[in-house]
Amino acid sequence: MLKRTLLLILFLILSISLFSENDSLIFLENQFPCEGFYITGRDIPNDGGSGIEINWSFPDSLDNCFLTVLRRDEFGNNSVVATDLLVSSKQVRDVSSDEEPSRVKDGIKYYYTGILSKKIIDENLLNILKEKSYLKNGTYIFNNDTFYVTSETDAVISKASWFNLSRIPVLISLIIIAFVFLYYLNLAKSGKELYIRKINGLDAVEEAVGRSTEMGKPIMYILGIGYVTDIPTIAGLTILSRVSKKVAEYETKILVPSYDPVVMTTAQEVVKEAFTEAGRPDLYNKNDIMYITQDQFGYAAGVDGMMMREKPGAVFLQGLFFAESLILAETGHSIGAIQISGTTETAQLPFFVAACDYTLIGEEMMAASVYLQKEPMMLSSIAAEDLLKVFIMLLIIAGFVISIFAFGFNIGLFKNLFDHLVNALQV
Amino acid sequence: MFVRRTLPLLVSAVFGVALILQFFVPHPASKNFYNMMLDWLIIVSAFTYLIAVQSTVELHFTKIKRKVEGWQYSIIVLIALFVTAFLGVFGGAFMPTTLWMKIFPSVKPSDTTPLMYTYLYMQMPMQSTIFSLLAFYMASAAFRSFRARSFDATLLLITAGIVTLGRVPLGEFIYKGLPDVVEWILKYPNMAAQRGILIGVQLGIIATSIKIILGIEGKYLGGGK
């Protein structure tokens, strides 16, 4: 009986000692090799508020350790910012997001504490830490694991910025571009003649429409799968205006299968106005500018089918194109249509070059409206673009020369110059 | 004239400038303004879908009425349009509607909706079919382009031959350094040409945007300048 009682007492003592060892936080003085290192917090610069950046600096030997960051607000509420951060990451951002909109609020003081550990700390310990209003800086032991608690940061307050200073290079570029543009606009107004080189693809518009008319076939104008908010689509609509006018003059038919309803309604308006301008509003048929579908390959299939049935004499592919470009262009080629294409998508340009008679490459498409109207005011934009291109070329050459001296000849002065150049151009 | 041209140009100018300024202002007020613009874009687009449906229905009804060549396909288009709309409205888009589950008691909330069924088992295979045609079109376009009729075409033929060979194991078998040659071609001459085009395109986009904001470019609205 005595033996049993002694065993029971021993078991109870052991249980209590184990329990107390597992769940108590034991503070030790200066055990972890990172004394003197700390974390700092600051408002994220140039942001829309509700964000604080936390940085830390620990010895490189601790790079594989984990850091848990705790946040305390001025009302004493504690919460966990992150638990699984590798020390080598050096930084974390505590920001409000759409999922957690009230994480950090502007104008409230926040204090951050870092907990350095050799493995990710468990939920149990986190709950204990969250309950404590203040943790003294130093080394602690929990469950036989040692971890280090940094001193708390100073109060950090987040606020929204009214201007993004990191975008100053963009603003300067914008001012330079606007200035060059307005300068040439003034020059054009004063009557100075500006030159624009020949663009074969646009000169061929009349030939294509004329040929189609002679063959008694309609013209098909494909605006691609862009939206009206895309500049290539707007450029395509501008060319459509000119083509439609020619179509009305030759009294033939134009078909515009559309991918987007907004583009379709805009195209209807453009064609209608062009027919009116040409003095043939009676030839305009709203149903010739029709909606197909907003499915990429469904659109390609629909347009291909229409091509095979209607057999247009000329096909214009002007706008934004992706994987369907060759499907459309090859079908156009197979029916023997004269094809004039244009896009800004560099990946699709080889397909158009291979399958079409004329291709407007990138900026030629943007220049189309200027080329077709040849108004001095419009030509000024081309001259401004050319000057800016020269400026960009000089910048590229300068960067090239500086990098050769900096990294080829290893000259420190040029390295600094290169860094400054890269920083100035970075957004 | 004011409503048809001046007002749209004025709206373009005001909102064009406002959105440029918005790019430089990170404040939540600016973000809200931007989101509001996006919402309006969605609202306007939603209304134009009605016009798109009206256009499709009118076009195909006319074809059926006039019995133009292939009018039977128009019947299929209209049936597909109305059946899909019906399935979407009454059957639900991502989960079956209560009404659908009442009509068909065997349908559970986790079941694939009829609309999703048409997407997965009808639309997707059709999309893949059209996409797969691209391989054949590529072959025929490449055959025409790679005929060595001029110096440029010969250069294209040689480069394409090297790149094609370097991308398959046979190329590496013939010459071990071929993949590196291909990498060099893609990384330097090809990238340089692409960037040249892209710089021109970006400048063109900026110039067009400025012309739209200043009201110089108005062809996209229809009519003259």
Side-chain angles (χ1 to χ4, degrees), chain A residues 46-49 160-164 167 171 174 177-178 181 229 231 234-235 237-238 241 261-262 264-266 269-270 272-274 277 287 290-291 295-298 300-301 309 323 326-327 330 344 346 349 351 353-355 361-363 365-367 369 375 377-378 381 384-385 388-389 392, chain B residues 20 23-31 41 44-45 48-53 55-56 58-59 62 69-70 73 123 126-131 133-134 137-138 140-142 144-145 193-194 197-201 203-212 214 216-217 219-225:
Chain A
N46 305 317
D47 73 338
S161 307
W162 279 103
F163 186 78
N164 189 344
R167 286 183 176 169
L171 184 65
L174 190 73
I177 291 168
F181 190 83
T229 44
I231 296 287
I234 291 179
L237 286 165
T238 307
S241 171
V262 185
M264 181 197 75
T265 40
T266 316
E269 204 58 32
V270 167
K272 190 180 167 187
E273 289 287 335
E277 229 178 76
N287 285 342
M290 75 293 282
Y291 177 71
D295 178 88
Q296 186 184 18
F297 294 107
R309 287 192 299 274
L326 192 65
I327 298 175
E330 273 295 285
T344 53
T346 49
L349 280 170
F351 296 138
V353 172
I361 297 172
E363 61 175 323
M365 206 192 153
M366 307 289 175
S369 65
E375 275 179 31
M377 292 272 276
M378 301 288 261
S381 71
E385 270 181 62
L388 290 165
K389 258 184 261 172
I392 291 169
Chain B
I20 288 175
F23 178 76
F24 297 101
V25 182
H27 199 273
S30 148
K31 201 178 164 189
L41 192 71
V44 173
S45 303
T48 55
Y49 274 100
L50 293 176
I51 302 171
V53 171
S55 159
T56 309
E58 194 181 323
L59 180 79
T62 315
E69 196 191 339
Y73 297 118
Q123 198 175 331
M126 285 193 281
Q127 281 177 342
S128 308
T129 309
I130 298 292
F131 190 35
L133 290 176
L134 196 58
Y137 284 131
M138 265 188 197
S140 70
R144 278 203 315 278
S145 309
Q194 281 204 37
I197 294 171
L198 283 176
I199 289 171
V201 167
L203 284 173
I205 288 176
I206 294 170
T208 311
S209 307
I210 292 176
K211 280 189 283 181
I212 290 171
L214 293 179
I216 298 169
E217 177 68 88
K219 274 261 176 209
Y220 66 97
L221 292 170
K225 194 190 84 165

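Proteins get letters first, then strands, A, B, ... in listed order; numbering begins at 1 in each.
Heavy-atom contacts from other residues, nucleotides or ligands closer than 6.0 Å to CZ of A/F163 number more than 12.
Residues A/L174 and B/F24 form a side-chain contact, since some pair of their non-hydrogen atoms from C-beta on lies under 4.5 Å apart. Contact check for A/N164 versus B/P26: side-chain heavy atoms found under the 4.5 Å cut-off.
Residues forming a salt bridge (Lys or Arg N to Asp or Glu O under 4.0 Å) with B/K31 (at least two apart in sequence, or on another chain): none. For B/R144, the salt bridge (Lys or Arg N to Asp or Glu O under 4.0 Å) partners at least two apart in sequence or on another chain are A/E330.
Only the side chain of A/I392 comes within contact range of chain B, with heavy atoms under 4.5 Å apart. Heavy atoms closer than 4.5 Å to chain A are found in the side chain of B/I206, but not in its backbone. Both the backbone and the side chain of A/I327 come within less than 4.5 Å of a heavy atom in chain B. Heavy atoms of A/D47 lying under 4.5 Å from chain B belong exclusively to its backbone. For a residue to count as touching a neighbouring chain, one of its non-hydrogen atoms must lie under 4.5 Å from one of that chain's; by this rule B/I20 touches chain A with the side chain only. For chain A, no part of B/S30 is nearby; none of its heavy atoms comes within less than 4.5 Å. Looking at B/I199, the atoms closer than 4.5 Å to chain A (heavy atoms on both sides) all sit in the side chain, from C-beta outward. Proximity to chain A (any heavy atom under 4.5 Å) is shown, for B/T48, by both the backbone and the side chain. With a 4.5 Å cut-off on non-hydrogen atoms, A/T265 touches chain B through its side chain but not through its backbone.
Annotation: maximal heavy-atom pairing with chain B below 4.5 Å, among A/S161, A/A301, A/A323, A/S381, occurs at A/S161. Across B/M126, B/Q123, B/E69, the residue that shares the most heavy-atom pairs under 4.5 angstrom with chain A is B/Q123. For chain B, the option among A/M366, A/M290, A/K389 with the highest count of heavy-atom pairs below 4.5 Å is A/M366.
Of the possible polar contacts, none joining the A/S241 side chain to the A/L237 backbone as a donor-acceptor pair under 3.5 Å is found. A distance-only check finds a donor-acceptor pair linking the side chain of A/R167 to the backbone of B/F23 [under 3.5 Å].
Between A/W162 and B/H27, the angle of the ring planes stays under 30°, which puts this pair in the parallel group of the 30/60° scheme.
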